[in-house]
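These notes concern the structure reproduced below.
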There are 2 protein chains.
Amino acid sequence: MKEAGVFKKFLSGKKLKHSERRDWILDAFLHIEKHLTVEELWTAVKRKHPSVGFATVYRTLKLLCESGLCSEIRFDDGTTRYEHNYNHEHHDHLICMECGRFLEVVDDGIERLQERLMKRHGFLPRHHRMNLYGICRECKKEHSPVQGTAR
Amino acid sequence: MKEAGVFKKFLSGKKLKHSERRDWILDAFLHIEKHLTVEELWTAVKRKHPSVGFATVYRTLKLLCESGLCSEIRFDDGTTRYEHNYNHEHHDHLICMECGRFLEVVDDGIERLQERLMKRHGFLPRHHRMNLYGICRECKKEHSPVQGTAR
DNA sequence: CTCTATGCAAAACCTTTGCATAGAA
DNA sequence: TTCTATGCAAAGGTTTTGCATAGAG
């Protein structure tokens, strides 16, 4: 099923109503392949549909999260962002502390060990969040000029 | 070196001043072995020293983080908490989604794979944050009554 | 003395809510 | 018609700041 279908089904299941604006917002959300802040999504939606209000975007994002299409991530710098969550496999993040660029990755070995770790402590695993912080290749270059060849 | 020493050194290094209040706050912080909110720390400090203001606790916590004694954690529910970071080995969290209880754990296997994963992608590893969410042993019991023996 | 630390209150943020009206079923 | 959805503005909650004064060096 496509995302729009998932959302519609979710709405009718909760006896909520489908609306044009909700479509617009979902659309904008789906067409931006990055981790969005509410602000960013609002700006994107307004480009095409200037009348949409801030609160509506907020409210719709909450619904999208409930419907499973989207999930909220709290980064260490305090920002809250939203990411696609449907037809996207679970993944973790490698985040550059200099430039903010990030990669989405999955490491099966780690996933397996995480599951084992939880079970060993009597937990029923639900989900997890793993953010690895470091300096990316590009930023490393900028900070460590080539050694041994003073110029 | 003891924590108080680390903090003093950090302060003088930044040409900041040592003060009685900062000692009180550091003390309260060190004596509570849990993940504190600013509010909780403030309450604890005020028990002994009622004159201390909220803003001072906030400001001091920021300094403690900079000095490396403490670090900020953003949980998935949006709360911000602070944890001891000195003479505490790095650790990850197993968090119960029902009751909020958590365990601090380290899994060497996971740590190794994390490091490898970062390097494989050209990152210089700095630190990471891994929170595993699930249902703890106690909460599991409450939700799944013993099977087969109706009472 | 000089410069930082502090309490207090106000400001700045970010997110949620209330309400009157528009819109969906 | 009878709901819910929405824009707007106001309210909440949390964190930060400005300012006058106390305190450290």
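What you see is a predicted model, and the numbers here were worked out from it, not measured in a lab. So you know, we letter chains A, B, ... as the sequences are listed, proteins then strands, and number each from 1.
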Take atom CG of A:Leu63 and atom P of C:dT16, then tell me their distance rounded to the nearest Å.
12 Å
With a non-hydrogen cut-off below 4.0 angstrom, is A:Lys62 in contact with a base, only sugar-phosphate, or nothing?
sugar-phosphate
Round to a whole Å and report the spacing from NE2 of A:His49 to C1' of D:dA5.
16 Å
Atom CG of A:Asp77 and atom C1' of C:dC13 are separated, to the nearest Å, by 14 Å
Identify which nucleotide among C:dA25, C:dT6, D:dA5 has an atom closest to any side-chain atom of B:Arg21, counting heavy atoms from C-beta outward.
C:dT6
What is the distance from CZ of A:Phe75 to P of C:dC14, rounded to the nearest Å?
16 Å
Considering every strand and a 4.0 Å limit on heavy-atom distances, what is the contact class for A:Arg59: base, sugar-phosphate, or nothing?
base
Please report the distance, rounded to the nearest Å, between NZ in B:Lys14 and C1' in C:dA5.
15 Å
Inter-residue atom distance B:His31.NE2 - B:Leu26.CG, 0.5 Å rounding:
9.5 Å
Under 3.5 Å, is there an N or O donor on one side and an acceptor on the other linking the side chain of B:Lys15 and the base of C:dC3?
no
When rounded to whole Å, the CG to C1' distance for the pair A:Leu41 and C:dC14 reads 16 Å
Is the B:His84-B:Phe29 ring centre distance short of 6.0 angstrom?
yes
Residue-phosphate contact under 4.0 Å: A:Tyr58 side-chain N/O, C:dT15 OP1/OP2
yes
Whole angstrom value for the distance that separates C1' of D:dG25 from NZ of B:Lys8:
13 Å
Heavy-atom neighbours of B:Lys8 NZ exceed 12 at 6.0 Å
no
Whole-Å distance, B:Trp24 CH2 to D:dA24 C1', equals 14 Å
Reckon B:Val52 touches a base, only the sugar-phosphate, or nothing at all at heavy-atom distances under 4.0 Å?
sugar-phosphate
Let me know, please, whether B:Lys17 or B:Tyr82 comes out on the 5' side of the other along DNA chain D by nearest nucleotide.
B:Tyr82
Sorted by position of nearest nucleotide on DNA chain C, 5' first, the leading residue of A:Glu39 and B:Arg22 is B:Arg22
Per atom distances to the A:Ala55 side chain, the nearest of D:dG23, D:dA5, C:dT17 is C:dT17
Would you indicate, yes or no, if D:dT4 has its OP1 or OP2 atom less than 4.0 angstrom from a side-chain nitrogen or oxygen of A:Ser19?
no
Are the charged groups of A:Glu115 and A:Lys119 less than 4.0 angstrom apart, N to O?
yes
Looking only at side-chain N and O atoms, does A:Thr80 come under 4.0 Å of OP1 or OP2 in C:dT15?
yes
Would you say a side-chain N or O of A:Ser51 is under 4.0 Å from OP1 or OP2 of D:dT6?
no
Can you tell me how the ring of A:His35 sits relative to the ring of A:His91, calling it parallel under 30°, perpendicular over 60° and tilted otherwise?
parallel
